[in-house]
Novice: 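Supplied in structure tokens, the structure appears directly below.
What you see is a predicted model; the values in this text were computed from it and never measured. Throughout, numbering of the chain's residues begins at 1 and tracks the sequence. All heavy atoms count here, side chains included; hydrogens, waters and symmetry mates do not.
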Amino acid sequence: MVKSDRISPRSQEKQIYFAAVGDVHGDIYTMLGLLHSWEQKQQKALSFVLQVGDFEPHRHADDLLTMDAPTKYKQLGDFPDFYSGKADFPYPLYFIGGNHEPYGFLDNFPHGREIAPNFNYLGRVNSIEVAGLKIVGVSGIYKPDLFAGKSRPTLEEINDRPNKDYIGFIESEIERALNYNCADILLLHDWVSDIISPEALALFQQRYSNARYEQIGNEYARLLVETLQPQLVLCGHMHFKYRYSLPLSLEITSNICCLANVKQGKNAIAVFCLTPQKQIIEIPN
Ligand SMILES: [Zn+2]
């Protein structure tokens, strides 16, 4: 009998590649360049992109007025090209909000929405499914003065309140995220507390000399990781590449992937392979 050379069903199942991107700060073309060069170098196609906030999707100058940032950083960026249809973004992108965002625009969609073709904002807190993965995202950073028992200021008040009143997540949003019970991927803007190694801290302090261990990351991010037990946690905010494996039990470890910003080049992106067994494996780039 002739031996069959047909491919077994398992090897026919395709692996999926997806990318995670750190803070974009409006530089969408720079992000696209990084993603395209990865694809070209690896001869593989990316299926989707996850982004960890400080995306800065400003439609026009009025949106800039609702972002918390020093005046010199209030630049329109590339989003108007994609919003108007002048340029196409070739991958479905899913992003959360950071601390520098036009919340006067984004807070129209607290439960998330596609804000331009392929640009999907998750909202303040959300759980979505992409490629069979449960992805939980929480927008904003931890600000003690905006957190415990606080409600979110409304959009109607945005011209009368400081923009920084909109950049924090609030206690009820963390409770909502905890109630999702589990996740495959957790999207956060700021880091998880208690993860930076002495070596990485020393490197980090070369850039920010007054940075202290206890100021890096926040305990609510850590609580989310410990409760939802995601395979993968993605964060940005610090503009610093770092990886950490957080053991949660004998069987479960969360891989925490902290990304640089897109101006810093390829340290801003990480690419992962999703196996047919739903394992998420980082591909060195
Ligand atoms: Zn940030």
Side-chain angles (χ1 to χ4, degrees), residues 18-26 28 31 46-59 63 66-68 77 79-80 82-83 85 88-142 146 150-156 158 163 165-190 220-221 224-225 227-228 230 232-237 259:
F18 67 93
V21 182
D23 296 20
V24 172
H25 293 293
I28 299 172
M31 163 171 70
L46 295 166
S47 296
F48 60 95
V49 178
L50 305 176
Q51 199 278 330
V52 296
D54 283 2
F55 188 66
E56 293 197 35
H58 309 289
R59 296 164 298 174
D63 281 344
T66 68
M67 172 174 72
D68 182 50
F79 186 67
F82 298 87
Y83 189 70
D88 285 327
F89 194 78
Y91 319 96
L93 176 132
Y94 303 88
F95 74 101
I96 54 168
N99 55 318
H100 303 297
E101 304 286 8
Y103 278 116
F105 172 37
L106 293 182
D107 265 355
N108 285 292
F109 320 112
H111 307 296
R113 159 166 165 177
E114 188 180 46
I115 59 165
N118 267 342
F119 291 94
N120 301 283
Y121 173 51
L122 264 73
R124 287 289 182 170
V125 183
N126 209 346
S127 170
I128 59 168
E129 200 187 294
V130 180
L133 295 169
K134 181 175 172 179
I135 302 174
V136 169
V138 179
S139 290
I141 58 170
Y142 174 57
L146 300 173
K150 294 287 163 72
S151 55
R152 171 153 318 289
T154 65
L155 259 184
E156 288 69 43
I158 203 159
N163 289 329
D165 286 4
Y166 292 80
I167 66 174
F169 51 68
I170 58 176
E171 191 172 21
S172 61
E173 290 167 346
I174 295 298
E175 282 164 4
R176 198 137 50 90
L178 292 170
N179 284 335
Y180 290 129
N181 292 319
C182 63
D184 296 305
I185 300 177
L186 177 62
L187 283 183
L188 298 170
H189 184 57
D190 191 11
Y220 293 97
L224 285 168
V225 175
T227 305
L228 302 177
L232 176 65
V233 183
L234 300 171
C235 12
H237 187 53
L259 299 152

Novice: Mark yes or no for whether Glu129, through its side chain, and Ile135, through its backbone, hold a donor-acceptor pair below 3.5 Å.
Specialist: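 Here the side-chain-to-backbone pair does not exist.
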
Novice: Report yes or no: does Glu101 contribute a side-chain atom to a donor-acceptor pair with the main-chain N or O of Asp54 at less than 3.5 Å?
Specialist: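 Such a contact is found between Glu101 side chain and Asp54 backbone.
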
Novice: In Å, rounded to the nearest 0.5 Å, how long is the span from CD1 of Ile96 to CG of Asn126?
Specialist: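 Result: 11.5 Å between the selected atoms.
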
Novice: Could you grab the distance from atom CD1 of Ile170 to atom NZ of Lys150, nearest 0.5 Å is fine?
Specialist: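 The CD1 atom of Ile170 sits 10.5 Å away from the NZ atom of Lys150.
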
Novice: Any heavy-atom pair between the side chains of Ile158 and Tyr166 that's under 4.5 Å?
Specialist: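 Result yes, sub-4.5 Å side-chain heavy-atom pair found.
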
Novice: Between Tyr220 and Val138, is there a side-chain heavy-atom distance shorter than 4.5 Å?
Specialist: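 Not in contact.
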
Novice: I'd like to check the side chain to side chain donor-acceptor pair (under 3.5 Å) partners of Asp107; sequence neighbours left out, ordered by chain and number.
Specialist: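 Applying side chain to side chain donor-acceptor pair (under 3.5 Å) to Asp107 gives Arg124.
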
Novice: Which residues pass the side chain to side chain donor-acceptor pair (under 3.5 Å) test with Asp63, not counting sequence neighbours?
Specialist: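 So Asp63 forms a side chain to side chain donor-acceptor pair (under 3.5 Å) with Arg59.
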
Novice: At what distance, to the nearest 0.5 angstrom, does CD of Glu171 lie from OG of Ser151?
Specialist: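 With rounding to 0.5 Å, CD (Glu171) is 12.0 Å from OG (Ser151).
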
Novice: Are any non-hydrogen side-chain atoms of Leu50 and Phe18 less than 4.5 angstrom apart?
Specialist: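 A side-chain contact under 4.5 Å exists here.
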
Novice: With sequence neighbours excluded, give me every ring pair (Phe, Tyr, Trp, His ring centres under 6.0 Å) pair touching residues 115-139.
Specialist: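 Output for this query lists Phe55-Phe119, Phe79-Phe119, Phe82-Phe119, Phe89-Phe119, Phe95-Tyr121.
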
Novice: For His100, which residues count as a side chain to side chain donor-acceptor pair (under 3.5 Å) partner, sequence neighbours excluded?
Specialist: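 Checked His100 against side chain to side chain donor-acceptor pair (under 3.5 Å); zero matches.
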
Novice: Tell me every residue that passes side chain to side chain donor-acceptor pair (under 3.5 Å) with Asn99, counting only those two or more places apart in sequence or in another chain.
Specialist: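 Applying side chain to side chain donor-acceptor pair (under 3.5 Å) to Asn99 gives His189, His237.
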
Novice: Decide yes or no for Pro230 and Val225: does some side-chain heavy atom of the first lie under 4.5 Å from some side-chain heavy atom of the second?
Specialist: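 Yes - at least one pair of side-chain heavy atoms lies under 4.5 Å apart.
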
Novice: Could you give the side-chain donor-acceptor pairs of residues 175-188 under 3.5 Å, partners two or more places apart or in another chain?
Specialist:
from   : atom 1 : to     : atom 2 : distance (Å)
Asn179 : ND2    : Glu175 : O      : 3.3
Asn181 : ND2    : Asn179 : O      : 3.4
Asp184 : OD2    : Lys134 : N      : 2.8

Novice: Looking at OH of Tyr103 and CD1 of Ile167, how far apart are the two atoms once the value is rounded to the nearest 0.5 Å?
Specialist: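 So the gap between those two atoms works out to 8.5 Å.
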
Novice: Would a 4.5 Å heavy-atom cut-off, applied to side chains only, mark Ile174 and Phe169 as touching?
Specialist: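 Side chain of Ile174 against side chain of Phe169, heavy atoms only: contact under 4.5 Å found.
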
Novice: Ignoring hydrogens, what is the shortest heavy-atom contact between Pro92 and Ser47? Give both atom names and the distance.
Specialist: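 Looking at all heavy atoms of both residues, the closest pair is CD-O, 3.4 Å.
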
Novice: I'd like to check Ile115 versus Pro57 (side-chain heavy atoms, cut-off strictly below 4.5 Å). Are they in contact?
Specialist: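 Answer yes - side chains close enough.
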
Novice: CE of Met31 to CG of Asp23: how many Å apart, nearest 0.5 Å?
Specialist: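 Answer rounded to 0.5 Å: 11.5 Å.
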
Novice: For a 4.5 angstrom cut-off between non-hydrogen side-chain atoms, does Ile28 reach Val24?
Specialist: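 Touching, per the 4.5 Å side-chain cut-off.
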
Novice: Are Leu259 and Val21 side-chain neighbours, meaning at least one heavy-atom pair lies under 4.5 Å?
Specialist: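 The answer is no; the side chains never approach within 4.5 Å.
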
Novice: For the atom pair CG (Asn120) and CZ (Phe48), what is the distance rounded to the nearest 0.5 Å?
Specialist: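 So the CG of Asn120 and the CZ of Phe48 are separated by 11.5 Å.
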
Novice: Where is the tightest heavy-atom contact between Ser139 and Gly123, given as atom of each residue plus distance?
Specialist: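 Closest heavy-atom pair between Ser139 and Gly123: OG-O, 2.8 Å.
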
